[in-house]
Amino acid sequence: QVQLVESGGGLVQAGGSLRLSCAASGGTLSRHTMAWFRQAPGKEREFVAGIGSSGLSTFTADSVKGRFTISRDNAKNTVYLQMNSLKPEDTAVYYCAGGSGPIHFTSRSYDYWGQGTQVTVSS
């Protein structure tokens, strides 16, 4: 069973940048579609960005388009989320997820989940 561990979260001022990492163990990610979701208190978990198994296909939600970039390094068994121009509304717990097939926008489509990493953006 694949285990995912996120890291890189923290407190940053608006306009700043963070890079989140998702490291896998217990398996390889090369055959998995990967995605980042986020969840703010009192809100549903929402799709942020996804990337296909080969890295050829990516998709980012409108709320983060142009600011966030998802990438992967299959040799390192790691997925990244580069977050630039952060806004207070980006504050949430960010989760890494893995699944099969094409990129999906719903959390139920993913089989593997990390524990989450907190991102807090101050004004």
Side-chain angles (χ1 to χ4, degrees):
Q1 182 173 312
V2 175
Q3 303 289 325
L4 304 177
V5 179
E6 303 96 334
S7 62
L11 175 64
V12 65
Q13 292 183 334
S17 298
L18 287 172
R19 188 180 75 162
L20 305 184
S21 297
C22 174
S25 62
T28 60
L29 300 183
S30 62
R31 297 180 181 179
H32 290 82
T33 294
M34 303 298 297
W36 289 93
F37 288 77
R38 66 186 182 186
Q39 188 168 21
K43 296 184 178 180
E44 295 292 325
R45 191 168 298 185
E46 66 174 351
F47 176 86
V48 176
I51 186 167
S53 59
S54 69
L56 292 176
S57 299
T58 62
F59 188 88
T60 55
D62 289 344
S63 59
V64 303
K65 186 178 181 180
R67 300 187 296 118
F68 291 11
T69 302
I70 188 171
S71 62
R72 66 192 301 160
D73 187 340
N74 286 339
K76 295 182 178 180
N77 229 19
T78 303
V79 180
Y80 305 96
L81 184 68
Q82 179 66 47
M83 305 185 294
N84 298 325
S85 301
L86 283 161
K87 304 175 180 180
E89 50 262 47
D90 295 319
T91 296
V93 177
Y94 283 71
Y95 297 90
C96 179
S100 61
I103 298 170
H104 297 285
F105 305 144
T106 56
S107 60
R108 66 179 181 271
S109 298
Y110 294 87
D111 302 315
Y112 310 106
W113 291 87
Q115 83 289 349
T117 185
Q118 177 71 47
V119 172
T120 303
V121 184
S122 62
S123 300

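Using a 4.5 Å cut-off on side-chain heavy atoms (C-beta onward), Thr91 and Gln118 make contact. In this structure the side chain of Tyr80 never reaches within 4.5 angstrom of the side chain of Cys22, judged on heavy atoms.
A donor-acceptor pair is defined here as one N or O able to donate and one able to accept, closer than 3.5 Å; no such pair exists between the side chain of Asn77 and the backbone of Ser25. No donor-acceptor pair under 3.5 Å is formed between the side chain of Arg72 and the backbone N or O of Gly55.
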Got a list of side-chain donor-acceptor pairs under 3.5 Å for residues 42-53, not counting sequence neighbours?
residue	atom	partner	partner atom	Å
Arg45	NE	Gln39	OE1	3.3
Arg45	NH2	Gln39	OE1	3.3
Glu46	OE2	Arg38	NE	2.7
Glu46	OE2	Arg38	NH2	3.3

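Placement of Phe105 and Trp113 within a single hydrophobic cluster is found when ILVMFWY residues are connected by side-chain heavy-atom separations under 4.5 Å, directly or transitively. Under the 4.5 Å side-chain heavy-atom criterion for grouping Ile, Leu, Val, Met, Phe, Trp and Tyr, Val79 is connected to Val119 within one hydrophobic cluster. Residues Trp36 and Val12 share a single hydrophobic cluster, defined by chaining ILVMFWY side chains whose heavy atoms lie under 4.5 Å apart. Linking ILVMFWY side-chain heavy atoms closer than 4.5 Å, directly or via other members, places Ile103 and Leu4 in two distinct hydrophobic clusters. Note: the hydrophobic cluster containing Leu18 also contains Val64 (ILVMFWY, side chain heavy atoms under 4.5 Å, direct or indirect links).
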Practice prompt. Take Gln115 and Glu6, measure what side chain to side chain contact (heavy atoms under 4.5 Å, CB included) needs, and give me the verdict at the end.
Written response: CA-CA 7 Å; Gln115 83 289 349; Glu6 303 96 334; 2.8 Å; yes
Practice prompt. Before giving the answer on side chain to side chain contact (heavy atoms under 4.5 Å, CB included), spell out for Phe37 and Val93 the whole-Å C-alpha distance, their side-chain angles and the decisive distance to 0.1 Å.
Written response: CA-CA 8 Å; Phe37 288 77; Val93 177; over 6 Å; no
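Contact detail for Ala24 and Val2: the closest heavy-atom pair is CB-CG1, 4.2 Å. When every heavy atom of Leu11 is checked against every heavy atom of Ser122, the shortest pair comes out as CD1-CB, 4.3 Å. Considering all non-hydrogen atoms of both residues, Ser85 and Ser17 come closest at N-OG, 4.3 Å.
Between Tyr112 and His32, the two ring planes are perpendicular [angle over 60°; tilted spans 30° to 60°]. Aromatic ring orientation, Tyr110 versus His104: perpendicular (interplanar angle above 60°, classes split at 30° and 60°).
In this structure, the separation between CD on Glu89 and OG on Ser123 is 8.5 Å, given to the nearest 0.5 Å. Taking OG1 from Thr78 and CG from Leu29, the interatomic distance works out to 7.5 Å, rounded to the nearest 0.5 Å. From Met83, atom CE reaches atom OG1 of Thr69 across 11.0 Å, with rounding to the nearest 0.5 Å. Atoms CZ and OG1, from Phe68 and Thr58 in turn, are 14.5 Å apart once rounded to the nearest 0.5 Å. Here CG of Leu81 is found 11.5 Å from CE of Met34. Values are rounded to the nearest 0.5 Å.
Crowding of Gln13 atom CD: a count of heavy atoms from other residues, nucleotides or ligands under 6.0 Å not exceeding 12.
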